[in-house]
**Student:** 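Sharing a structure below in structure tokens format, with a few things to ask.
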Amino acid sequence: MEELLTTVFTTAKPIPSQASNSLPKDLFSAINELKKELKAVILAHYYQDPDIQDIADYIGDSLGLSQQAATTDKEVIVFAGVHFMAETAKILNPDKLVLLPDLEAGCSLADSCPPEEFAQFKTQYPDAIVVSYINCTADIKAMSDVICTSSNAVKIVNQLPKDRPIIFGPDRNLGRYVAQQTGRDLILWQGSCIVHETFSERRIVQLKIEHPSAEIIAHPECEEPVLRHANYIGSTTALLKYSQQSPQDSFIVATEPGIIHQMQKEAPNKTFIPAPAMNNCACNECPYMRLNTLEKLYLAMKHKQPEIIMDESTRKAALKPIQRMLEMSK
Ligand code: 13P
Ligand code: SF4
């Protein structure tokens with residue numbers, strides 16, 4: 001077990017000088033030029049700023065992004081998302097340069113599962129199959145049997161042997177939802193996402209009273225009292241598809257509001273209302289995802305850093321459960 005806990009090294013080279021950080025007037029053209037020069041692909045998550053979404057080659061949920069990372073023939077992957085996503089791309093592509101515009105773009109859910117504590121937790125259930133949500137570090141992936149995302153978690157748990165206990169981590173809200181959907185008794189790690197736990201049931205109900213025909217659509221990382229009101233629950237891609245296909249013309253969206261940019265683009269005549277947080281704050285925006293900016297994306301491509309660098313033994317151990325997920329998602 002100990003070798004599985006080897007620290008994952010993610011390094012940054014020295015910060016470039018102020019002069020080399022000067023920005024061109026037209027960032028979009030400059031990024032497109034660099035993309036050709038580097039033979040790069042830009043992968044972006046739906047929670048990124050709209051301008052990043054607009055310049056990306058592919059926008060998707062965690063599963064779609066992993067599938068793209070697994071199959072791209074480009075030499076450089078520029079990952080506009082958070083650290084665990086770029087790290088997954090690197091695990092799948094050890095020989096490619098994987099850039100993350102801001103290395104501080106972490107994830108509260110991944111942080112809520114420290115490897116040493118999770119290893120200790122696992123020892124209490126020696127027969128259990130470990131299913132880990134992709135929102136975790138490479139060290140946790142390396143201790144897992146199979147990875148899942150919000151879009152395939154039910155499908156994956158349904159394929160596991162019925163006579164074995166299952167540990168599910170790190171998100172207790174997704175875990176509880178998957179347990180309900182599959183009828184399996186999951187042993188849950190008690191982690192959570194600061195963004196999805198911020199939605200206020202009371203304020204969502206109030207919004208529904210103000211917009212009675214609006215459908216409530218929610219990500220499974222939300223807490224049970226919010227999910228109970230949802231007309232539809234799914235991953236970001238699933239929520240986007242549902243909002244296009246539903247005959248309703250307005251939606252209360254209980255996930256990070258970055259996705260509303262795509263929803264609105266795909267269905268310009270529909271109305272999308274972001275679900276409010278408990279206080280009147282902007283805490284429904286993921287503070288980690290929003291660390292990436294178009295400027296940082298440009299600079300990362302220009303200087304070919306910060307790049308994701310990993311310890312090889314951890315990478316190899318983390319690769320197996322990711323490959324199993326990709327196989328089981330077909
Ligand atoms: P999706 O895989 O549904 O895009 O979720 C990613 C995420 O971080 C949700 O908080
Ligand atoms: Fe992590 Fe939550 Fe941000 Fe998703 S929204 S990246 S789970 S902190």
Side-chain angles (χ1 to χ4, degrees), residues 43-49 52-53 56 58-70 79-89 100-113 131-137 140-141 147-156 169-175 177-178 181 189-199 217-223 226-227 230 232-243 253-263 274-275 277 281-292 322 325-326 329:
L43 305 181
H45 189 265
Y46 294 116
Y47 297 165
Q48 293 291 282
D49 283 346
I52 295 184
Q53 295 187 36
Y58 176 84
I59 320 166
D61 65 4
S62 306
L63 179 63
L65 289 164
S66 313
Q67 287 165 333
Q68 290 293 318
F79 215 112
V82 288
H83 193 277
F84 74 83
M85 296 177 171
E87 194 173 60
T88 303
L100 180 64
D102 191 323
L103 272 188
E104 299 295 310
C107 168
S108 67
L109 193 43
D111 292 346
S112 70
C113 194
V131 181
S132 294
Y133 187 32
I134 200 163
N135 300 33
C136 64
T137 61
I140 300 295
K141 289 184 175 77
I147 301 304
C148 71
T149 73
S150 55
S151 64
N152 62 17
V154 169
K155 186 173 180 176
I156 283 181
D171 188 34
R172 62 175 176 223
N173 293 313
L174 176 64
Y177 172 74
V178 173
Q181 296 297 306
W189 178 265
Q190 295 297 317
S192 61
C193 157
I194 47 165
V195 176
H196 289 86
E197 286 211 327
T198 200
F199 295 119
I217 57 176
H219 195 279
E221 281 177 26
C222 294
E223 291 187 302
V226 168
L227 292 185
Y232 182 76
I233 298 167
S235 77
T236 49
T237 297
L239 296 180
L240 177 62
K241 280 195 188 136
Y242 180 84
S243 68
V253 183
T255 192
E256 216 272 7
I259 194 168
I260 292 179
H261 180 61
Q262 288 307 315
M263 290 176 167
C281 60
C283 13
N284 56 355
E285 283 187 4
C286 175
Y288 306 102
M289 287 275 183
R290 303 297 178 130
L291 282 176
N292 294 325
I322 296 173
M325 167 186 84
L326 294 172
S329 307

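The shown structure was predicted, so the numbers you read here are calculated from the model rather than taken from an experiment. We count ligands from 1, going down the list as the structure has it; atoms in each ligand are counted the same way.
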**Student:** Looking only at side chains, do S151 and T149 share a donor and an acceptor under 3.5 Å apart?
**Tutor:**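 There is such a pair between these side chains.
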**Student:** Is any side-chain heavy atom of P274 closer than 4.5 Å to a side-chain heavy atom of I260?
**Tutor:**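 SC-SC contact between P274 and I260 confirmed.
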**Student:** Which parts of the protein, at residue level, reach under 4.0 Å of ligand 1 through a heavy atom?
**Tutor:**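 Ligand 1 pocket, heavy atoms under 4.0 Å: H45, Y47, D61, S62, Y133, N135, S150, H196, H219, E221, S235, T236.
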**Student:** How would you list, by chain and number, every residue that makes a salt bridge (Lys or Arg N to Asp or Glu O under 4.0 Å) with E221, sequence neighbours excluded?
**Tutor:**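 Result, salt bridge (Lys or Arg N to Asp or Glu O under 4.0 Å) vs E221: none returned.
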**Student:** Taking the inter-plane angle between the rings of H219 and H196 on a 0 to 90° scale, is it parallel (under 30°), tilted (30 to 60°) or perpendicular (over 60°)?
**Tutor:**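 Rings of H219 and H196: tilted, as their planes differ by 30° to 60°.
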**Student:** Should we say atom CD of Q190 is surrounded by more than 12 heavy atoms from elsewhere, each under 6.0 Å from it?
**Tutor:**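 Buried by this count: over 12 neighbours within 6.0 Å.
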**Student:** For a side chain to side chain contact (heavy atoms under 4.5 Å, CB included) with H45, tell me which candidate from T236, V82, N292, I59 qualifies.
**Tutor:**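 The residue from T236, V82, N292, I59 that satisfies side chain to side chain contact (heavy atoms under 4.5 Å, CB included) with H45 turns out to be T236.
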**Student:** Below 4.5 Å, heavy atoms only, C-beta onward: do H83 and C107 meet side chain to side chain?
**Tutor:**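 When only atoms from C-beta onward are counted, C107 and H83 do not touch, as no gap falls below 4.5 Å.
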**Student:** May I ask you to list the protein N, O or S atoms found at less than 2.8 Å from atom 2 (Fe) of ligand 2?
**Tutor:**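 Near atom 2 (Fe) of ligand 2, the protein supplies C193 SG.
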**Student:** Suppose I only count heavy atoms of Y47 and a 4.0 Å limit; which atoms of ligand 2 are within that range?
**Tutor:**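 Within the 4.0 Å cut-off of Y47, ligand 2 contributes 5 (S).
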**Student:** Quick one: ring pair (Phe, Tyr, Trp, His ring centres under 6.0 Å) partners of F79, sequence neighbours excluded?
**Tutor:**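 F79: no ring pair (Phe, Tyr, Trp, His ring centres under 6.0 Å) contacts found.
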**Student:** Ignoring hydrogens and angles, state whether a donor on the side chain of Y47 or T255 is under 3.5 Å from an acceptor on the partner side chain.
**Tutor:**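 The criterion, which ignores hydrogens and geometry beyond distance, is satisfied for T255 and Y47.
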**Student:** Do D49 and R290 come close enough that some side-chain heavy atom pair is under 4.5 Å?
**Tutor:**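 Yes, close enough: below the 4.5 Å cut-off.
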